[in-house]
Amino acid sequence: MKLWGGRFTKETNELVNEFNASISFDQRFWEQDIEGSLAHVTMLAKQEIISEEDKEAIIGGLQSIREDIKSGTLTITDEYEDIHTFIEATLIERIGEAGKRLHTGRSRNDQVALDMRLYTREEVLATDKLLKDLLLVILRIMEENVETYMPGFTHLQKAQPVTVAHHFGAYFEMFRRDRSRLADLYERMNYCPLGAGALAGTTYPLDREYTASLLHFTGATRNSMDSVSDRDYVIEFLSALSTIMMHLSRFSEEIIIWNTNEYRFVELDDSFSTGSSIMPQKKNPDIAELVRGKTGRVYGALMSMLTTMKGIPLAYNKDMQEDKEMAFDAYDTTKGCIQLFTGMIDTMKFRPTVMEQSAKNGFTNATDAADYLVKKGVAFRDAHGIIGQLVLHCIEKGIALDDLALEEYKKVCPVFEEDIYEAISLKTCVEKRLTKGAPGSKVMHEAIAEAKEYLSK
Ligand code: ARG
């Protein structure tokens, strides 16, 4: 069944039907399509464009279709071009004449623009909810690990000591920004395109603001040509999803490294690891690797959408049907990744002794040793040179700065005293870092309190 057979004299080529159809993927927003039609028909009756009687019949019909699809008694079939056609045809089949009035003052162009927006709007909220769950787990880990020392890295070389709370706090900020990006784009996209018609509005006295309010939009969109051809919000959402995936991927990469036999900073739970079919000893971080890997397809969806849109003249063109498949895949993929990643870190165990030992053996306290000399009056550049020499000496002996005898220190610089050991202990190195955003426990507790407050809203 077609909605547009009137002016044609020939049957459509079978391959064209197949190539043109979108029902295999746009059936995903059947519920949004019905929701939009319910609002449209309510508005049509209020404006006396259709009778109350017809409105009641259409609403009853749409509700029965909704119930039947939900319960599985009505199956969406591929014989129709798209979900809009399927629902309208089924309505006419069920209620007859009145059903033919549903599409008054509406085009599939503003209809699909509405459905995609309604669907995407829900996905934005669902993604935000998952990010919040992830942040709650990160916060729990931070609270439990304010004094779990570990090396902080630059160039993947041990740099200065930090704590697990501090390291996870960095990711807390990334995902917090991701949530704020979602909130921004939600606000921008939350306008209703219905009533834009095919492109130039309609001669019926539609009350577009009323339809918009029925569907919980902030208002109606301003320009009808833009309304049917705007997919900016899909691009913005895909861009936000790409950034989320980029963050998850970096985090995954770290967990993969920390979980190696060489590092052993963490141990992934059996329930979130997989084995090898040939090597019995293996326990692989497949979840983290898959999250890292799936980042590629989400970036791909963003690139695809940007490219699809770049050459489209106003207003609607069929190219825009390509806004769906890859976008849906990216929506699903990102939600799945956030969920799996959350479960993985929630069950992951830390090895504090290994991490602390690694920080010590990596000379992460060398900057603090230089600062110690500065406090005793040595110029920083000289102090840097002196500690460099001592580090080299320790590397040759295979020991940490903490293990070097005081006379060895004094041989290189007489300013050293017994208090050097206290000054370069990991605890001191971390605890003395008290500038805003640093790992010292005093400021870390403040950061945690602020994060808690943020999540309580
Ligand atoms: N399946 C189409 C899409 O996804 C619906 C809009 C069709 N409009 C049209 N004039 N052919 O974009």
Side-chain angles (χ1 to χ4, degrees), residues 1-8 10-37 39-40 62 65 69 76-92 102-123 189 192-202 211 215 221 223-235 237-238 301 304-332:
M1 188 278 184
K2 284 197 174 66
L3 298 175
W4 42 264
R7 66 98 69 210
F8 290 77
K10 267 191 178 173
E11 281 301 307
T12 320
N13 178 299
E14 224 4 82
L15 283 176
V16 171
N17 271 336
E18 231 175 84
F19 192 65
N20 195 43
S22 54
I23 193 154
S24 65
F25 48 89
D26 65 17
Q27 57 179 277
R28 180 191 275 255
F29 50 51
W30 66 269
E31 234 173 333
Q32 287 76 12
D33 195 76
I34 291 177
E35 202 189 327
S37 290
H40 181 63
L62 287 172
I65 294 174
I69 297 179
I76 301 169
T77 61
D78 278 359
E79 310 151 41
Y80 299 87
E81 181 182 333
D82 52 30
I83 190 64
H84 325 294
T85 313
F86 172 79
I87 288 172
E88 194 178 326
T90 312
L91 181 72
I92 295 167
L102 167 65
H103 210 54
T104 315
R106 186 174 75 171
S107 154
R108 273 185 302 163
N109 297 351
D110 58 345
Q111 189 177 357
V112 77
L114 172 71
D115 293 0
M116 187 66 180
R117 225 176 254 240
L118 286 172
Y119 185 82
T120 301
R121 191 172 73 166
E122 284 173 32
E123 290 295 301
M189 75 176 284
C192 182
L194 203 62
L199 74 162
T202 162
T211 316
L215 293 166
T221 49
N223 179 292
S224 63
M225 289 180 85
D226 177 52
S227 307
V228 288
S229 47
D230 169 30
R231 296 294 183 274
D232 289 6
Y233 65 95
V234 179
I235 293 174
F237 186 36
L238 290 175
S304 148
M305 194 65 214
L306 283 167
T307 313
T308 297
M309 294 304 292
K310 77 179 260 295
I312 305 185
L314 291 180
Y316 179 85
N317 294 261
K318 192 71 173 210
D319 315 42
M320 294 168 84
Q321 182 164 290
E322 288 298 311
D323 64 352
K324 297 176 192 61
E325 284 164 286
M326 290 184 74
F328 291 157
D329 180 74
Y331 298 177
D332 296 345

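Basis for what follows: all heavy atoms, side chains included, without hydrogens, waters or symmetry-related copies. Numbering of ligands and ligand atoms starts at 1, following listing order.
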Taking atom CD of Q321 as the centre, report whether more than 12 heavy atoms of other residues, nucleotides or ligands fall under 6.0 Å from it. yes

Looking at D26 and K324, is there a salt bridge between them, counting it only when a charged N and a carboxylate O are closer than 4.0 Å? no

Close N/O pairs between ligand 1 and protein, under 3.5 Å:
residue	atom	partner	partner atom	Å
ligand 1	1 (N)	S22	OG	2.9
ligand 1	1 (N)	Q321	OE1	2.7
ligand 1	4 (O)	K324	NZ	2.5
ligand 1	8 (N)	N109	OD1	3.0
ligand 1	10 (N)	N109	OD1	3.1
ligand 1	12 (O)	Y316	OH	2.4

Quick check against the 3.5 Å criterion: does D110 have a side-chain atom that pairs as donor or acceptor with the backbone of G197? yes

Can you name the residues that form a salt bridge (Lys or Arg N to Asp or Glu O under 4.0 Å) with R117, not counting sequence neighbours? D230

What residues form a side chain to side chain contact (heavy atoms under 4.5 Å, CB included) with D323, not counting sequence neighbours? M116, R231, M305

Which atom pairs, one a donor and one an acceptor, fall under 3.5 Å between side chains of residues 307-315 and the rest of the protein, sequence neighbours left out?
residue	atom	partner	partner atom	Å
T307	OG1	M303	O	2.5
T308	OG1	S304	O	2.9

